[in-house]
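All values below were derived from every heavy atom in this structure, side-chain atoms included, with hydrogens, water molecules and symmetry-related copies excluded. Quick note on labels: first sequence line is chain A, next is B, and so on, each numbered from 1.
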Amino acid sequence: MLELRLVQGSLLKKVLEAVKDLVNDANFDCSATGFSLQAMDSSHVALVALLLRSEGFEHYRCDRNISMGMNLGNMAKMLKCAGNDDIITLKADDGSDVVTFMFESPTQDKIADFEMKLMDIDSEHLGIPEAEYHAIVRMPSSEFARICKDLSSIGDTVVISVTKEGVKFSTRGDIGTANIVCRQNTTVDKPEEATVIEMNEPVSLTFALRYFNSFTKATPLSNTVTLSLSSELPVVVEYKIAEMGYIRFYLAPKIED
Amino acid sequence: GSSQTSITEFYRST
């Protein structure tokens, strides 16, 4: 028996909007720790890892570890039917091939049940070891989204270079080149508006902008984004989900031929 | 040019 009640149902709506274009089908894993997902895109270039900790749910009952295969497009369609202020409860019986999403309006005057078929998904689970990164950049998530969108109108790839001066995002295309430098800026009114650079070693890596633009669909989940960079390792683009966990995207770098 | 590496080249199946 599984029963997860999330008062801030909009979080789950936002999570689905963040991952549904990158991944078609995925297994959601439920354990005492929380509700999690790990999945790769169809070309195995990017990986998404989601964790919503059990403590973040108003009610969390998971009698035994279960894995529920879902089509994320269909799940997003169902969650779109929930109001932004609705409380969302996920329910599944042991051995059942369906999951039920229950949406309650804040005043309890409207209650809806949506039942979705589960699927059997053969998915590979990757072990992601702790790593030391050469540089970690924290910046406003809206600023990062803007940069990715702007650069993708010029080129297909972005070179991210971190030095003591700041973090530079560069691209080149048929019409020309673009460079955007964000300097460390910790003297802002609100901490979420700061750009903070922790650098152990300068690093410069090339990535496909198409994937970054997909990751920025998670922007509504967090005011800030963290980029963890190391040469010869995938970049980690992390959006913290307040009080609950995170959504992390891993993208392998492009290598010069 | 540059080529795209797969994420599975960095992380192993568990």
Listing, residues 149-159 of chain A side-chain donor-acceptor contacts under 3.5 Å, not counting sequence neighbours, or none:
unit_1 : atom_1 : unit_2 : atom_2 : d
A:D150 : OD1    : A:R146 : NE     : 3.3
A:D150 : OD2    : A:R146 : NE     : 2.9
A:S152 : OG     : A:C148 : O      : 3.1
A:S152 : OG     : A:K149 : O      : 2.8
A:S152 : OG     : A:N213 : ND2    : 3.2
A:S153 : OG     : A:D150 : O      : 2.7

Please output the side-chain donor-acceptor pairs of residues 118-125 of chain A that fall under 3.5 Å, not counting sequence neighbours, one pair per line with the distance.
unit_1 : atom_1 : unit_2 : atom_2 : d
A:S123 : OG     : A:N27  : ND2    : 3.2
A:E124 : OE2    : B:S13  : OG     : 2.6
A:H125 : ND1    : B:T14  : OG1    : 3.3

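The nearest pair of heavy atoms linking A:L126 to B:T8 is CD1-CG2, 4.3 Å. When all heavy atoms of A:A208 and B:Q4 are compared, the pair lying nearest together is CB-OE1, 3.9 Å. Looking at every heavy atom in both residues, A:A252 comes nearest to B:F10 through CB-CE1, 3.6 Å.
Each side-chain hydrogen bond (donor to acceptor under 3.5 Å, both in side chains) pair with one or both residues in residues 199-209 of chain A, not counting sequence neighbours, appears once here: A:S161-A:S204.
Within residues 224-240 of chain A, the residues that have a heavy atom under 4.5 Å from a heavy atom of chain B are A:E232, A:L233, A:P234, listed by number.
With hydrogens and angles ignored, the 3.5 Å screen pairs no side-chain donor or acceptor of B:T5 with any backbone N or O of A:K254.
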